[in-house]
Amino acid sequence: MDLYEKLRILTDSAKYDVACTSSGSSSSGTGARIGNTVSCGICHTFAADGRCVSLLKVLMSNACVYDCLYCVNRVSNDVERATFTPRELADLTIGFYKRNFIEGLFLSSGVVKNPDYTCERMIESLRILREDYGFGGYVHAKAIPGADSRLIERLGCLADRMSVNIELPSHESLRLLAPDKSRESILKPMGLIKERIAENPRSPALRSRAQRFAPAGQSTQLIVGATPESDYRILSLAAAMYQKYALKRVFYSAYIPVADNPLLPAVTAKPPLLREHRLYQADWLLRFYGFEADELLDETHCNFNEYVDPKCNWALNHLDRFPVEVNTADREMLLRVPGFGVTGVRRILQARRAGKLSFDGLKKLGVTLKRARYFITCSGKAAPGLVFEHESILRALMSDSCLAAYESGGYEQLSLFSPRPDREDTVKCLTGQL
Amino acid sequence: MPDRSAVAYVYDGSFEGFLSLVFESWRKKETPSVIFPQGGEQLVLFPVVFVETDIERSERVRKGIVRAAGAEALGNIECCFLSNAAEKELLLLDYIRLCIANGPKTLSMLADNTVCAVTKAARACLREAHHYKGFVRFSVRGGVMTCVIEPKHAVLPLIADHFCGRYSWENFIIYDKTHGLALLYSKGCRALVAAQGFEPPPADADEREARRLWKLFYDTVAIEERDNPRCRMSLMPKRFWSLLTEMQDETEKPALPQLGRLPAQPVARVGEQELSP
Ligand code: SF4
């Protein structure tokens, strides 16, 4: 089989893994002959689905001996199989990197023969890249559940980021759908990786490539909509993983049906993109806006509102905390204003040191007021012509398509009906790099 | 805004030249009505004064800005200078005056029209520079990597460090067609020079194969069920597409080999500065 065919098959089988960012690692002058990493990450192109492409994302092999029901590469599925040699993979990476097509490599693999053998092949590919080519670019490597801890250790020393995908958000689902994997086989490498990362020398100056274990940290992925877990369950799990394993990112991947199986959604089901989008928004709120999972959802409201984003939803349920005075409120509260982002808040804090802010002044800062104006005052004055009342605000916060759906029936009953993502959602739907 | 004198200043187009001009304006205590770079001559009704570039004076202005308002202010000025903002020189002359008068506070005076305009221009320029870090596509031939870009703002000085650091053992040329500038790099040495009509050599077999593989990867990695052309368009505006290998339709027309002219005369030294925000 020629390289072209291999690349086609092994890209096709890797594309459902959404964790494709190149951020969180910064290196220069590490003695690499080619390549460095940039902490903010760089998108090199955007695929037709609008997702950022920054890494060569392929499987080492899709000739998997496991039988995870939700996966295209499961042994019982009838698909073309291919396997890269370590050398082919390294050459391909360097060729792409030199042309500035990519930031680096995202390497995962199906289980060929057994976890240890698979891991060894991956290690050899990365060794060629790092040692033979002196490659200093970004490498994200997947730890193969069940592989020997010494191999995981070696892999981590060659990679910038490591990840182990949890995929299914509950023990029960995992048992049903991924019979070859156990919770332990997933959590054990995660624990190991966490510990090794914690041992990294604090000062970057002291780290040579060989001494750093996955300097860009660890991440994981959860599949949304393959199994019956609620948004609340998924978000709580994510919050717990951030805490317990010091994860850099949790990625959410809307399930795309690949198998006809009574345990899974029908093959005709649409991927729950809006749900995935809401989870990313909520994840963002956890990481950068000081929210807790329990503030956003609870046992009785266990799924996100389809009509407004999680932050708006929170605000609507806490109208007593608004309006917020832009000139005096603290950062924490400003961040809770719907429509204010981290950058906007930074600009507000900076600008108000120089003088009082008005609605016009906010506009000059480039802060969008479309949503925020319902929740703020400037020097005690509300934006002209606003009615501060739940129903009118809710309507104003919804996009046209959501509003139409809302008016044709109460939104309580509509929770199973999924409206088309609105424009804002469509545009922001960049799962990989939100 | 101070009163304008009925005079036009001309400078050599470099950042040092502009700072020398700022010095001259202070020395004479006059604010010109028009400023333009040499070669960008316009029809003006005022007497024209040519201001010589004076490295020592430009250094004094540079240090003065940093002392008064901090390195971030200087960064804004440099980025705005590289941008395509209308009448950027006059704008910056005002901005520098504000920096000297108000100190670091100037940066937060975003309600002021001048500060707002400079900040916006600097931001736009940095944003474009960041885009180019990802969207530059090199062709490799005979051990040299070449690339032609057509940015709105003169981003080369802003992306130079990035590419020189990344490809430190390689040889490469990035040619900015819009502004007639080229970044030349060869294993540790770099130069930013004026250049016209540079054409990269035609692709050889290896290059064509690499592009074919890349296009395949690009087309395959998208998930059909999630097709979202509008999202792609907003994140990767059409004006960049001509640059991107993956957005070209298959085999390109064979180009005739052509030798570019690259007069080796440095025109700007901004590239040596660290400009990241
Ligand atoms: S181990 Fe399971 S999820 Fe991974 S490739 Fe094999 S079948 Fe797919």
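Proteins come first, then strands; the chains are lettered A, B, ... in the order of their sequence lines, and each starts at number 1.
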message: Between A:Arg33 and B:Ser168, does the side-chain hydrogen bond (donor to acceptor under 3.5 Å, both in side chains) criterion hold? Intermediate values first, please.
response: CA-CA 7 Å; A:Arg33 289 201 295 280; B:Ser168 53; over 6 Å; no
message: Under the criterion side-chain hydrogen bond (donor to acceptor under 3.5 Å, both in side chains), I'd like the reasoning laid out for A:Tyr133 against A:Asp91: C-alpha separation, chi angles, the key distance, then a yes or no.
response: CA-CA 9 Å; A:Tyr133 285 109; A:Asp91 287 353; 2.3 Å; yes
message: Could you check whether B:Glu207 pairs with A:Arg99 (Lys NZ or Arg NE/NH1/NH2 to Asp/Glu carboxylate O, under 4.0 Å)?
response: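 Looking at A:Arg99 together with B:Glu207, the answer is yes, because their closest N to O distance falls below 4.0 Å.
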query: Charged N to carboxylate O below 4.0 Å: is that the case for A:Asp49 and A:Lys15?
result: no
Which atoms of [X] approach chain B - backbone, side chain, both or neither, heavy atom under 4.5 Å:
X	result
A:Tyr4	both
A:Ile34	both
A:Leu92	side chain

- request: Count the heavy-atom pairs under 4.5 Å between each of B:Asp227, B:Leu110, B:Leu244 and chain A, then report the option with the highest count.
  value: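 The option with the most such pairs is B:Asp227.
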- request: Count the heavy-atom pairs under 4.5 Å between each of B:His162, B:Glu209, B:Lys105 and chain A, then report the option with the highest count.
  value: B:His162
message: At a 4.5 Å cut-off on heavy atoms, which part of B:Phe163 comes close to chain A: side chain, backbone, both, or neither?
response: side chain
Nearest heavy-atom neighbours spanning B:Ile149 and B:Leu156: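 Looking at all heavy atoms of both residues, the shortest contact is CD1-CD2, 4.4 Å.
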field: Residues forming a side chain to side chain contact (heavy atoms under 4.5 Å, CB included) with B:Ser242, sequence neighbours excluded
entry: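 Scan of B:Ser242 (side chain to side chain contact (heavy atoms under 4.5 Å, CB included), adjacent residues dropped) gives none.
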- prompt: Which of the residues A:Arg8, A:Gln350, A:Lys98, A:Lys364 is involved in the greatest number of heavy-atom pairs with chain B at under 4.5 angstrom?
  reply: A:Lys98
message: Can you tell me which of A:Asp12, A:Leu3, A:Thr45, A:Leu357 forms the most heavy-atom pairs within a distance under 4.5 Å of chain B?
response: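 Option with the top pair count is A:Thr45.
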